[in-house]
Protein chains: 2
Amino acid sequence: MLLRVDAASTVPLYQQIHDQIILGLAGGGLRPGETLPAVRQLADELNVNMLTVAKGYNLLKAEGYLVSDRRQGTRVAADFQADAVFQQELATQLRLLIAAAKIRGIAAPELQQMITAQYQAFGGKQHA
Amino acid sequence: MLLRVDAASTVPLYQQIHDQIILGLAGGGLRPGETLPAVRQLADELNVNMLTVAKGYNLLKAEGYLVSDRRQGTRVAADFQADAVFQQELATQLRLLIAAAKIRGIAAPELQQMITAQYQAFGGKQHA
DNA sequence: TTATTTGTATTATATCATATATAACAAATA
DNA sequence: TATTTGTTATATATGATATAATACAAATAA
């Protein structure tokens, strides 16, 4: 899976790494059990510091997407469910997006169709 | 419309002000043409600095939600459409949310129902 | 006129997040 | 033994965030 970062973006580098791995998991470019690049290797590829990659990995580990040990490096977790914390986060972030869309005249069906399209773009069968 | 901020949150104060005004617009607690509190007054109510409120207002003005002049203070704009910049932002942010939901086993219909519920929670008729 | 209120601008300061650089450590492997 | 893994530690630099204290221009109200 190919990762890229934009140093000029206002989005922190570790957050960009985090987000792209989430997108990779949804799209099937990363699968449960698969090993990710070592922090030093990915840092070298992206021209960022080792600790920046580690910060992105650690965030994903705290969320349950990745696991690490000193034998096999960092791997995708076997499975991850939607716990209460995630449900709450999702609802909060979705509410703000919906509010902005609604006041700009975007109705519910239009937003729902965007969801349908995005789900199909990710593909239907991959991942845990 | 009542605003509150949480100084302990990781979300910047000016961003909290920004987000709550968006939610207020969607819910009808704020209407087109309505005057907002003066920066000094709101700063006093929230116990934050005047410039922090101004930063939140300025962000909303840059997005087209508010307008200011030195006569009548800061008011809600008459109308605001969904331009290309907004559409792009919406799609990007929605994609990340959908990716996270999908890999946690949340299917499209569940997400779409959340949208239906949130739209109804905001109410159907208000605002431009 | 004078005083007040509005958003805005300026200058200074403090703190935290972000990011880097460098080095070292423990655990496992080749 | 040497290498690779994630991890930890220390130090440093920069930008974002937030505050403080003034001041200004424009409009309004007394």
Side-chain angles (χ1 to χ4, degrees), chain A residues 1 3-22 30 32-78 96, chain B residues 1 3-22 30 32-78 96:
Chain A
M1 198 196 121
L3 290 179
R4 274 165 293 132
V5 292
D6 175 13
S9 168
T10 61
V11 181
L13 297 174
Y14 79 90
Q15 186 79 46
Q16 294 184 41
I17 294 170
H18 168 275
D19 292 351
Q20 287 187 39
I21 288 175
I22 297 276
L30 272 176
E34 185 170 341
T35 299
L36 277 78
V39 287
R40 290 170 180 79
Q41 178 189 336
L42 184 54
D44 209 52
E45 289 176 14
L46 298 178
N47 281 310
V48 301
N49 190 270
M50 176 183 62
L51 298 184
T52 301
V53 175
K55 189 168 183 179
Y57 279 8
N58 285 332
L59 183 53
L60 289 158
K61 283 161 59 182
E63 294 169 334
Y65 297 115
L66 303 181
V67 291
S68 287
D69 62 59
R70 278 187 251 248
R71 303 187 299 260
Q72 305 189 335
T74 303
R75 291 165 292 116
V76 178
L96 188 60
Chain B
M1 197 196 122
L3 291 179
R4 273 165 293 133
V5 291
D6 175 12
S9 168
T10 60
V11 180
L13 296 174
Y14 78 91
Q15 185 78 46
Q16 294 184 42
I17 293 170
H18 167 276
D19 292 351
Q20 286 187 41
I21 288 176
I22 297 275
L30 273 176
E34 185 171 342
T35 299
L36 277 79
V39 287
R40 288 168 181 80
Q41 178 188 337
L42 184 53
D44 208 52
E45 290 176 13
L46 299 178
N47 280 311
V48 301
N49 190 270
M50 177 183 62
L51 297 184
T52 302
V53 175
K55 189 169 182 178
Y57 278 9
N58 285 333
L59 182 52
L60 289 158
K61 281 161 59 182
E63 294 168 334
Y65 296 114
L66 303 182
V67 291
S68 287
D69 62 60
R70 277 186 251 249
R71 303 188 300 261
Q72 305 188 335
T74 303
R75 291 165 292 116
V76 179
L96 188 60

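In what follows, every chain begins at residue 1, and chains take the letters A, B, ... in the order their sequences are listed.
- Side-chain proximity of Y14(B) to the nucleotides dT18(C), dT7(D), dT17(D) is greatest for dT17(D).
- Counting to the nearest Å, the P atom of dT6(C) and the CE atom of M50(B) are 12 Å from each other.
- Contact of R70(A) with dT3(D) (side chain to base): no donor-acceptor pair of N or O atoms is detected under 3.5 Å.
- Distances were taken from every side-chain heavy atom of K55(B) (C-beta onward) to each of dT8(C), dT17(D), dT19(D); the shortest belongs to dT17(D).
- Looking at R40(B), its side chain has no donor and acceptor atom pair within 3.5 Å of the base of dT4(C).
- Using a 4.0 Å cutoff on non-hydrogen atoms, the parts of residues 5-12 of chain B near DNA chain D are P12(B), ordered by number.
- Across the protein-nucleic acid pair, L66(A) atom CG and dT5(D) atom P stand 16 Å apart, rounded to whole Å.
- One interatomic measurement links the two molecules: CD of Q72(A) to C1' of dA30(C), which rounds to 15 Å at whole-angstrom precision.
- Residue T74(A) places at least one side-chain N or O under 4.0 Å from the OP1 or OP2 atom of dG6(D).
- Residue N58(B) places at least one side-chain N or O under 4.0 Å from the OP1 or OP2 atom of dT8(C).
- The shortest side-chain heavy-atom distance between Y65(A) and I21(A) does not fall under the 4.5 Å cut-off.
- For the pair E63(A) and H18(A), the minimum side-chain heavy-atom distance is below 4.5 Å.
- Residues Q41(B) and E45(B) bring a donor and an acceptor atom of their side chains to less than 3.5 Å of each other.
- Rounded to whole angstrom, the span from the CG atom of N49(A) across to the C1' atom of dT14(D) amounts to 14 Å.
- If you check dA11(D) for Watson-Crick or wobble pairing at under 3.5 angstrom, you find it paired to dT20(C).
- Contact annotation: T52(A) does not reach the phosphate of dT18(C) (side-chain N/O to OP1 or OP2, under 4.0 Å).
- Between the Q72(B) side chain and the T35(B) main chain, no donor and acceptor come within less than 3.5 Å of each other.
- Rounded to a whole Å, the OH atom of Y57(A) is 19 Å from the C1' atom of dT8(D).
- Contact of the V76(B) side chain with the L66(B) side chain is registered, since non-hydrogen atoms from C-beta on lie closer than 4.5 Å.
- Taking the side chain to side chain contact (heavy atoms under 4.5 Å, CB included) definition, one finds that N47(B) meets it with nothing, sequence neighbours left out.
- Of the candidates dG6(D), dT22(C), dA25(D), dT22(C) carries the atom nearest the L51(A) side chain, counting heavy atoms from C-beta on.
- Between the CG atom of N47(B) and the C1' atom of dA18(D) there is a distance of 14 Å, rounded to whole Å.
- At whole-Å resolution of the value, CG in L13(A) and P in dT14(D) are 16 Å apart.
- None of L59(A), V5(A), I22(A), L60(A) except one satisfies the side chain to side chain contact (heavy atoms under 4.5 Å, CB included) rule with I17(A); the exception is V5(A).
- The CG-P distance, from D44(B) to dA20(D), rounds to 11 Å in whole Å.
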